[in-house]
Structures are given as C-alpha cells and as structure tokens.
Amino acid sequence: MSKGKNKEFVNPTGAGPVSSIVLAIVRIVLGINLLYTDPLSSRFRYLFIILFLISVARHLLYYFSKPKPDNIYNFLLDLVTPCLYGFILFHVLSVYQSEFLSLSVSIFLPAIIYCFLFGGAPVPVMSKGIFWGGLLSYVLTFLLVVNYAFDTSNPSVEKYFLANKYYTTAPYDHGTAGGNVYYFDLIHVDSISNPAQWVEVNQKTYGQYRSSQKYKRMKVEDAEFMILDKKETPFAKRQYYFLLQEVNGPFEAKHMEEPEYARFEEGDTFHIEKHKGFLGVRWVTYW
C-alpha cells in the first residue's frame with residue numbers, strides 16, 4: 001500500500017474521533033434540555049449560545065480533521081441530530097408569527113438536515129459547499145434567537161376581550177392532510193366603554209339564547225351588544241332580562257396556533273405584545 005493513500009486518512013490537526021463524539025453527545029444533551037426550556041427565558045438564551053458554539057466547533061473539527069470513513073459512532077450520532085435540530089428550530093421559531101414560522105421551517109429545515117446527514121457523515125473530506133451550507137444554517141438560526149433573546153426595545157401592547165373561541169376542520173386537499181384551524185373573536189377594550197346594563201327582552205328572544213348565550217352578540221335597534229348574563233323572574237308572569245354590554249367596535253377574528261388556543265378561555269383579557277426585534281425582525285407574544 002502506498003504512503004499517499006495512507007496519508008488521506010491521517011488527522012492533520014491531531015484531533016481524534018473521540019473529540020467529535022464527545023461534542024456530538026454534549027450537543028444532543030443540550031438540545032434535549034433546550035426543548036424543555038421556555039424560549040423567552042434567560043436560561044434558554046445561554047443554553048442556545050453554548051449549543052451554537054459547540055455545533056460550530058464540531059463542524060470546524062469535521063472540516064479540518066478529516067475523520068476516518070469507518071467511524072460508525074459519528075455516523076449514528078449524526079443520524080439523530082437532524083431530527084433533534086428540527087424540533088429545536090421549531091421551538092426557536094415559536095415566538096414568531098405563524099406565517100414566518102412556516103416559511104422559515106420550510107426553507108431552513110431541509111438544508112439543515114441535508115448538511116447534517118452529509119456534512120457529518122464519515123467521509124474522508126467534507127466539501128466546501130457542505131461546510132459553508134452547514135455553517136450558514138447554524139448562523140441563521142443563531143441570528144433568529146439573538147433577534148428576540150436580546151431585544152430590549154419597548155413593545156407595543158394591544159388589549160382585547162376574548163369573546164369567543166372556536167375551530168374549523170380543514171378538508172383533505174391535494175395530498176395535504178386536513179387539520180383543525182383555530183380562531184379567537186376579539187374585541188378591543190377601547191370598544192367597551194359604557195357599563196353593562198340589565199335589559200328586559202321578550203320570551204322568544206330569551207329562548208333563542210337559552211344555551212351558551214354568554215358573550216354572544218345581538219343587535220338592539222342600531223346598536224350592537226354582547227350578552228354577559230341572563231335571568232328571569234320567578235313570578236307567575238315571568239319577565240326576562242339580559243345583561244348587555246354595548247360594543248362600539250368590530251369583532252376581530254384572529255387565527256391562532258393550538259398552544260395559544262388552549263391557554264386562553266372565553267372572557268379572558270387577551271394581550272398582543274408586538275416587539276421590534278434586536279435585528280429588526282418583528283415577533284409577537286400573547287399573555
């Protein structure tokens with residue numbers, strides 16, 4: 001066997017395969033820990049920075065150390081990482097609006113999986129294209145975290161009343177599985193100014209709202225009201241009343257993601273907090 005062929009698998013930097021395996025294991029442990037951490041907490045911020053530095057260090061190690069082609073441990077670890085990194089990316093982008101989240105996942109995730117599968121595979125040399133593609137995927141995700149984790153700007157807060165929550169089921173269409181689509185009916189608090197009043201209604205109107213009447217809308221002459229409660233007198237000649245809250249503005253139907261839909265109930269005060277972003281990419285939180 002010629003010396004030239006042996007030289008192809010010599011580690012030029014002196015970094016053995018053990019270093020790469022250790023970094024891979026640490027990265028997986030940090031990634032799992034990250035998934036159970038609130039993305040808006042300071043702990044998440046520093047865990048992600050450590051994970052980013054370790055991932056970049058291992059990526060550089062692979063590029064410059066030329067790992068041996070028969071290192072099955074590195075290969076198995078790199079098969080686990082793409083799926084884990086996809087969940088991490090989804091967790092990172094959960095603070096952004098749903099349109100931005102879907103677009104980002106659809107663009108970045110396939111590239112990240114490709115770079116992990118081929119960039120981390122046990123081949124003698126990582127090509128420059130794979131090296132820069134993998135490095136770019138790390139940097140883009142890191143910048144998205146920096147954008148909200150280090151955002152110190154004063155957010156604008158809009159306050160709403162949650163009048164109704166409901167969902168519709170999207171049909172199966174063109175190979176895409178259907179699913180539930182969630183909505184909130186919101187009323188801006190500025191549209192609710194006058195105090196609620198008990199108003200007498202006839203028996204027919206009262207019967208129309210016999211079940212699930214709370215926070216339903218009804219019109220009285222030219223004004224629109226929201227039903228907060230109802231009652232009837234116990235006398236022989238019954239009288240019927242609604243507790244009506246006048247609403248001076250429109251009801252806004254807002255599309256929501258399932259986690260936020262489960263967090264809030266009808267009658268809650270719903271805050272939309274809009275942030276400018278450290279790097280100018282806007283993001284939103286709800287509370």
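Residues: numbered from 1 along the sequence shown.
In this structure, NZ in Lys165 is found 12.0 Å from CG in Leu186, a value given to the nearest 0.5 Å. Separating the CG atom in Asn33 from the CD1 atom in Ile28 is a distance of 13.5 Å, to the nearest 0.5 Å. Here CZ of Arg282 is found 11.5 Å from NE2 of His275. Values are rounded to the nearest 0.5 Å. Atoms NE2 and CZ, on His271 and Phe264 in that order, are 9.5 Å from each other to the nearest 0.5 Å. With values rounded to the nearest 0.5 angstrom, Phe142 atom CZ is found 5.5 Å from Ile49 atom CD1. Residue Phe161 holds its CZ atom at 7.5 Å from OG1 of Thr269, rounded to the nearest 0.5 Å.
At distances below 3.5 Å, at least one donor-acceptor pair connects side-chain atoms of Asp38 with backbone N or O atoms of Leu40. For Thr233 (side chain) and Gln239 (main-chain N/O), a donor-acceptor pair under 3.5 Å exists by modelled atom type.
Cation-pi geometry between Lys231 and Tyr241 is met: the NZ or CZ atom falls under 6.0 Å from the ring centre, inside 45° of the normal. A cation-pi arrangement is absent between Arg263 and Tyr286 under the rule of less than 6.0 angstrom and at most 45 degrees off the ring axis.
Linking Ile, Leu, Val, Met, Phe, Trp and Tyr whenever their side-chain heavy atoms come within less than 4.5 Å leaves Ile192 and Val189 in two separate clusters. By the rule that hydrophobic residues join a cluster once side-chain heavy atoms approach within less than 4.5 Å of another member, Val284 and Trp287 end up as members of separate clusters.
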Checking side chain to side chain contact (heavy atoms under 4.5 Å, CB included) for the pair Arg45/Val145: CA distance, chi angles, key distance, verdict?
CA-CA 8 Å; Arg45 178 192 312 171; Val145 173; 5.7 Å; no
Starting from the C-alpha separation in whole Å, work towards a yes-or-no answer on side chain to side chain contact (heavy atoms under 4.5 Å, CB included) for Val281 and Trp283.
CA-CA 7 Å; Val281 180; Trp283 57 286; over 6 Å; no
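Under the 4.5 Å side-chain criterion, counting only non-hydrogen atoms from C-beta, Leu34 is in contact with Phe48. Side-chain contact between Phe52 and Thr141 is absent, with no heavy-atom pair separated by less than 4.5 Å. At least one side-chain heavy atom of Glu252 sits under 4.5 Å from a side-chain heavy atom of Tyr160. Contact check for Leu243 versus Ile227: no side-chain heavy atoms found under the 4.5 Å cut-off. Put simply, the side chain of Ile272 does not reach to within 4.5 Å of the side chain of Val157, judged on heavy atoms. Side-chain contact check for Leu244 versus Leu228: every heavy-atom pair is 4.5 Å or farther apart. Inter-residue side-chain proximity for Pro39 and Tyr148 is flagged as met; some heavy-atom pair is nearer than 4.5 Å. The closest side-chain heavy-atom distance from Phe251 to Glu224 is below 4.5 Å.
Across Tyr261 and Tyr183, no two heavy atoms sit closer than the pair CE1-O, 3.8 Å. Scanning all heavy atoms of the two residues, the minimum distance from Ile187 to Ala163 falls at CD1-CB, 4.0 Å. Smallest separation of non-hydrogen atoms from Glu265 and Leu162: O-CD2, 3.1 Å. Residue Ser55 comes nearest to Arg27 through the heavy atom pair OG-CD, 3.1 Å, listed as atom of the first residue, atom of the second, then distance. Across all non-hydrogen atoms, the minimal contact from Gly277 to Asp151 is N-OD2, 3.0 Å. In terms of heavy atoms, Asn147 sits closest to Leu279 at OD1-N, 2.8 Å.
The 12-atom threshold is exceeded at CZ of Phe150, counting heavy atoms of other residues, nucleotides or ligands nearer than 6.0 Å. When the shell of 6.0 Å around CG of Asn202 is examined, it contains more than 12 heavy atoms from other residues, nucleotides or ligands. Other residues, nucleotides and ligands contribute over 12 non-hydrogen atoms within 6.0 Å of the CD atom of Glu273. The 12-atom threshold is not exceeded at CD of Glu258, counting heavy atoms of other residues, nucleotides or ligands nearer than 6.0 Å.
Between the side chains of Trp198 and Asp229, not a single donor N or O lies within less than 3.5 Å of an accepting N or O.
A salt bridge links Glu232 to Arg238: one of the charged nitrogens lies within less than 4.0 Å of a carboxylate oxygen.
Shown here are the side chain to side chain donor-acceptor pair (under 3.5 Å) partners of Thr152, two or more places apart in sequence or in another chain: there are none.
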